[in-house]
Number of protein chains: 2
Amino acid sequence: MHTYKYPRPSVTVDIVVYGYDGGKQLKMLLIERGGEPFKGHWALPGGFVDLNEDLETAALRELEEETGVKDLFVEQLFTYGAVQRDPRGRVISIAYFSLVNLQDHPAKASSDATKAEWFLLDELPDLAFDHSEIIKKANERLAAKVRYQPIGFELLPAEFTLGELQQLYETVLNVESFNKRNFRTRILRTGILEEVGRQQNVAHRPAVLYKFNQEAYQQLAEQRDGGVLRRALDFEI
Amino acid sequence: MHTYKYPRPSVTVDIVVYGYDGGKQLKMLLIERGGEPFKGHWALPGGFVDLNEDLETAALRELEEETGVKDLFVEQLFTYGAVQRDPRGRVISIAYFSLVNLQDHPAKASSDATKAEWFLLDELPDLAFDHSEIIKKANERLAAKVRYQPIGFELLPAEFTLGELQQLYETVLNVESFNKRNFRTRILRTGILEEVGRQQNVAHRPAVLYKFNQEAYQQLAEQRDGGVLRRALDFEI
DNA sequence: CTACCTTTGTTTAAATTTTAAACTAACCAT
DNA sequence: ATGGTTAGTTTAAAATTTAAACAAAGGTAG
């Protein structure tokens, strides 16, 4: 038992993980809750923060415990602390956000969660707590992020074509399709792509395969104003 | 006394408030700590969250208690939870962020704080806890925010000239001076300004006075992609 | 009252960038 | 060989941006 002079809230983390498999829609990783409250409901992976671990560490630990998904980068999304958001009492939750390649991150339930599954974004079930609100914010963040940071590094296979990269952008931005010629020239001029070969065995002119140039990608990701990239994508969006 | 089955962290809020008075630099509101730890050191206003108040409410309450500053809009910045960030034990702090007009928000110390003062941004003293890190993040957020949201509503007097608005942008972005003619046309075409009269008694051609068009301003502030505004400012930055 | 100073505000032509049409290339299947 | 399909290039017209030159509206000094 632990005793304090003043009352204290519980603190949890929740993790919003987007997965991509090359298709026209993103997926999201959810768990089915094995305990009360909301037993049997779907929810974001997450749980209580240990006193001797940092917040991000807690997020990664809970995610792996509940879904088996690991080896990913997370970024902080928002902290939810409405007085009544959890029926167990005052619980403040720091939400995290991540993008992964679906092939490398299968979901397998364990411990607290009875199931862990990838859901298509427009087929999400009803969610426990205020998790719908968290996901709404995450969607906004993702749409905003795309505009000032490069995406793809975590979502695509190591080598990919410009067509695949464009498909990803169209998926994330939920746009029909933007001009292929211009996407090409603009993305290439950012310098984040490096040619690594050509497609094999396709029934048409083989596309050039690219990989991300780590250094240029990193630089774009860090410059928070996103000038080059924004200008590169500021069309048809 | 309050007893729990598992240990719990303390939860605080910290508030980064920027003030503007028409000059070439922004100011920031700090307090001198009246109690341990870091007694006598300067720090961001802030304090413990009550269990029956929302996070934002706690931020506004602590700010008013410590500095007398009230009636402002805050937005969440980031949550700091490193294990060793506070010598008193595990303390997780949700940082908030705000912009105010200095004329309307004088600082007057009270309660926990012995002093409350506005500091020029490049003359900040050494700070308690990890507050320097918080301010660094706030500065980044401010610079990023300017690019996709209109600013000025909270920072300028009700009526102002285009010159004053431009001065503000130059101050916030920390740029020398950008093209006056283009600033004019770009800002005007966003439709966020409304003419309300002319300057009086100035030793030169009097400038037109503007106020923000609430509706148009609000709309720009909400559309998270910031298209119009970004294009309006994407020059010389 | 006049000349002049300062800052505001407008017009516009040249430079740059964007857009998308037309075209060319590469591969497989039949 | 021919056709189907997707990849990739060239380029001229359209749109936008940039900044030079200029005009306007006050106050002030003599």
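Model, not experiment: these values are computed from the prediction. Lettering of chains follows the sequences in order, A, B, ..., and the numbering in each one begins at 1.
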Length of the [atom1]-[atom2] vector between [X] and [N], whole Å:
X      : N      : atom1 : atom2 : answer
B:N182 : C:dT16 : CG    : C1'   : 14 Å
A:L188 : C:dT18 : CG    : C1'   : 17 Å
A:L209 : D:dG8  : CG    : C1'   : 14 Å
B:F183 : C:dT8  : CZ    : P     : 12 Å
A:I187 : C:dT18 : CD1   : P     : 14 Å
B:L165 : C:dT8  : CG    : P     : 13 Å
A:Q199 : D:dA7  : CD    : P     : 7 Å
A:R184 : C:dC23 : CZ    : P     : 19 Å

**Request:** Please identify each residue that fulfils ring pair (Phe, Tyr, Trp, His ring centres under 6.0 Å) with B:F212, with sequence neighbours left out.
**Result:**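 B:F212 satisfies ring pair (Phe, Tyr, Trp, His ring centres under 6.0 Å) with B:F160, B:Y217 only.
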
**Request:** Go through the structure and list residues passing ring pair (Phe, Tyr, Trp, His ring centres under 6.0 Å) with A:Y18, not counting sequence neighbours.
**Result:**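 Listed in chain order: A:F97.
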
**Minimal non-hydrogen separation, A:I15 against A:A59, with atom names** =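 Minimum heavy-atom separation between A:I15 and A:A59: CD1-O, 3.4 Å.
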
**Message:** Is the phosphate of C:dG9 approached by B:K180 (side-chain N or O, under 4.0 Å from OP1 or OP2)?
**Reply:**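 For C:dG9, neither OP1 nor OP2 has a side-chain N or O of B:K180 closer than 4.0 Å.
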
**Request:** Have a look at A:L26 and tell me which of A:N174, A:D21, A:V172 forms a side chain to side chain contact (heavy atoms under 4.5 Å, CB included) with it.
**Result:**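 Of the listed residues A:N174, A:D21, A:V172, the side chain to side chain contact (heavy atoms under 4.5 Å, CB included) partner of A:L26 is A:V172.
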
**Request:** For each nucleotide in nucleotides 21-27 of chain D, reading 5' to 3', give B when a protein heavy atom comes within less than 4.0 Å of its base, S when such contact involves only the sugar-phosphate, and - otherwise.
**Result:** B-BBBBS

**Prompt:** Should we count CD of A:Q103 as having more than 12 external heavy atoms under 6.0 Å?
**Reply:**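 Enclosed.
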
**Prompt:** Do other residues, nucleotides or ligands put more than 12 heavy atoms under 6.0 Å from the CD atom of B:Q25?
**Reply:**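 More than 12 within 6.0 Å, yes.
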
**Asked** Toward the 5' end of DNA chain C, which comes first, A:T185 or A:Q200, by nearest nucleotide?
**Response**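 It is A:T185 whose nearest nucleotide is closer to the 5' end.
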
